[in-house]
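Since the structure comes first, as structure tokens, the remarks are kept for the end.
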Amino acid sequence: MVVIKDGCLKGAKGVFGDLVVYQLGGQTVVRRRGERGKQVFSEGQRAQQVRMSAVAFLWKAVRAAGLDKAWCGAMKGLPKTGYNEFVRVNVAIFRKRGCIGDFEKLQLTAGPLLLPNDLKLGRDEDGGWEMRWDCRGCHPSMNADDRIGVALMKREDVFTVKVLDIGDCRRRHGGVKIRLPPALSEFTHLFCYVCSDSGELFSGSRHFCLMPKI
């Protein structure tokens with residue numbers, strides 16, 4: 001493979017006898033038919049490729065759960081797609097082997113709404129989970145009729161996202177009991193988010209771990 005920096009072939013592309021001329025990264029490259037140029041990537045480049053692939057898989061899971069509309073809505077009117085913003089926000093939290101490195105920094109939703117004040121998750125008297133928050137004061141980005149949403153993930157190498165049915169829970173309610181069905185008992189990463197009554201606007205998400213710290 002040869003890079004042409006000047007001469008009559010610069011900018012050309014096509015097949016000339018036994019040669020193939022094409023453009024690669026803004027350069028004119030010539031190779032023989034059957035010869036494949038092998039690009040050598042550094043360890044850092046390979047790690048970034050793995051991260052990009054992993055975050056793309058997670059985006060598919062977010063879309064399957066219907067949460068992509070949060071990202072697309074947040075980018076409405078801007079020269080950027082919801083997917084582009086999702087990648088920008090989340091790609092750095094993946095390890096070089098493609099696993100999620102920090103669930104605390106992972107964002108499953110995005111938007112201008114605010115999460116409830118003093119949001120907490122703990123055990124209730126029945127051994128289940130109860131989420132509570134302060135609903136006494138409202139910021140302009142908080143509406144009493146905003147819906148509270150909960151999504152679940154399993155572990156750092158499984159990118160399935162499940163939206164849990166917690167009923168018609170609103171910001172004004174100040175709390176909600178959370179019961180995991182047996183099929184989701186191993187989904188130990190919980191994300192809380194808010195969406196408007198119309199379902200058009202969202203908040204970012206906050207992570208809670210359902211496993212006791214060792």
Side-chain angles (χ1 to χ4, degrees), residues 52 54-94 100-121 129-154 156 158-181 184 187-210:
M52 291 297 292
V55 77
F57 273 110
L58 181 55
W59 172 253
K60 291 181 180 179
V62 166
R63 286 186 62 186
L67 298 180
D68 58 313
K69 58 186 177 183
W71 296 90
C72 296
M75 293 297 103
K76 188 175 182 179
L78 298 176
K80 184 187 290 188
T81 67
Y83 171 72
N84 292 150
E85 181 66 2
F86 180 82
V87 171
R88 185 192 70 80
V89 170
N90 288 309
V91 68
I93 63 131
F94 285 83
I100 296 171
D102 191 347
F103 276 98
E104 292 286 340
K105 296 179 180 178
L106 178 63
Q107 289 292 314
L108 293 186
T109 55
L113 300 187
L114 297 177
L115 287 166
N117 292 325
D118 199 23
L119 185 62
K120 296 178 180 179
L121 180 71
W129 296 96
E130 184 175 22
M131 185 178 292
R132 301 202 63 82
W133 55 88
D134 183 359
C135 59
R136 291 172 295 179
C138 266
H139 185 275
S141 295
M142 297 178 177
N143 188 297
D145 284 331
D146 288 340
R147 299 177 184 274
I148 305 297
V150 168
L152 299 169
M153 291 188 67
K154 195 171 185 179
E156 67 275 6
V158 177
F159 298 155
T160 303
V161 177
K162 297 288 187 181
V163 173
L164 185 64
D165 183 4
I166 59 173
D168 185 23
C169 181
R170 307 288 179 139
R171 191 189 293 270
R172 66 175 181 269
H173 293 156
V176 62
K177 290 184 180 294
I178 297 174
R179 297 291 183 266
L180 269 62
L184 298 180
F187 283 67
T188 57
H189 295 280
L190 182 149
F191 294 83
C192 178
Y193 60 90
V194 171
C195 70
S196 62
D197 186 43
S198 65
E200 295 179 356
L201 299 177
F202 284 75
S203 70
S205 61
R206 180 175 172 185
H207 169 261
F208 293 93
C209 184
L210 301 184

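In this text the structure is predicted, and so the values were computed from the model without any measurement.
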Just verifying a value: how many Å separate [X] [atom1] and [Y] [atom2], rounded to the nearest 0.5 Å?
X: Cys195; Y: Leu113; atom1: SG; atom2: CG; answer: 8.0 Å
X: Leu210; Y: Leu121; atom1: CG; atom2: CG; answer: 6.5 Å
X: Glu85; Y: Cys72; atom1: CD; atom2: SG; answer: 11.0 Å
X: Phe191; Y: Leu164; atom1: CZ; atom2: CG; answer: 13.5 Å
X: Glu130; Y: Lys177; atom1: CD; atom2: NZ; answer: 4.0 Å
X: Leu180; Y: Leu152; atom1: CG; atom2: CG; answer: 5.5 Å

- Query: Given Thr160 and Phe187, is the side-chain contact (heavy atoms from CB on, under 4.5 Å) satisfied, shown in steps?
  - Reply: CA-CA 9 Å; Thr160 303; Phe187 283 67; 4.2 Å; yes

- Query: When you look at Met153 and Leu58, which way does the side-chain contact (heavy atoms from CB on, under 4.5 Å) test go after all the steps?
  - Reply: CA-CA 11 Å; Met153 291 188 67; Leu58 181 55; 3.8 Å; yes

Beyond-backbone contact of [X] with [Y], side-chain heavy atoms, under 4.5 angstrom:
X: Arg206; Y: Tyr193; result: no
X: His207; Y: His189; result: yes
X: Pro116; Y: Asp134; result: no
X: Tyr83; Y: Trp71; result: no
X: Ser203; Y: Leu115; result: yes
X: Lys162; Y: Leu184; result: yes
X: Trp133; Y: Val176; result: yes
X: Met131; Y: Phe208; result: yes

On a heavy-atom basis, which atom in [X] and which in [Y] lie closest, and how many Å separate them?
X: Thr81; Y: Met75; result: O-CG, 3.6 Å
X: Cys135; Y: Gly174; result: SG-CA, 3.8 Å
X: Thr109; Y: Ala70; result: CB-CB, 4.1 Å

Do any N or O atoms from the side chain of [X] and from the backbone of [Y] form a donor-acceptor pair under 3.5 angstrom?
X: Ser196; Y: Leu201; result: yes
X: Arg171; Y: Asn143; result: yes
X: Asn90; Y: Val87; result: no

- Task: Please find out if less than 6.0 Å separates the ring center of Phe94 from that of Phe159.
- Result: yes

- Query: Among Val194, Asp197, Ile166, which one satisfies side chain to side chain contact (heavy atoms under 4.5 Å, CB included) with Arg147?
  - Reply: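 Of Val194, Asp197, Ile166, side chain to side chain contact (heavy atoms under 4.5 Å, CB included) with Arg147 is met by Asp197 alone.
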
- Task: Could you check Ile178, Ile148, Leu108 and say which one makes a side chain to side chain contact (heavy atoms under 4.5 Å, CB included) with Cys192?
- Result: Ile148

- For residues 105-117, pull every pair meeting salt bridge (charged side-chain N to carboxylate O under 4.0 Å, His left out), keeping only residues two or more places apart or in separate chains. none

- Other residues, nucleotides, ligands: >12 heavy atoms within 6.0 Å of Arg170 CZ: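 Enclosed.
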
- Going by the angle between their ring planes, with limits at 30° and 60°, are Phe86 and Trp59 parallel, tilted or perpendicular? tilted

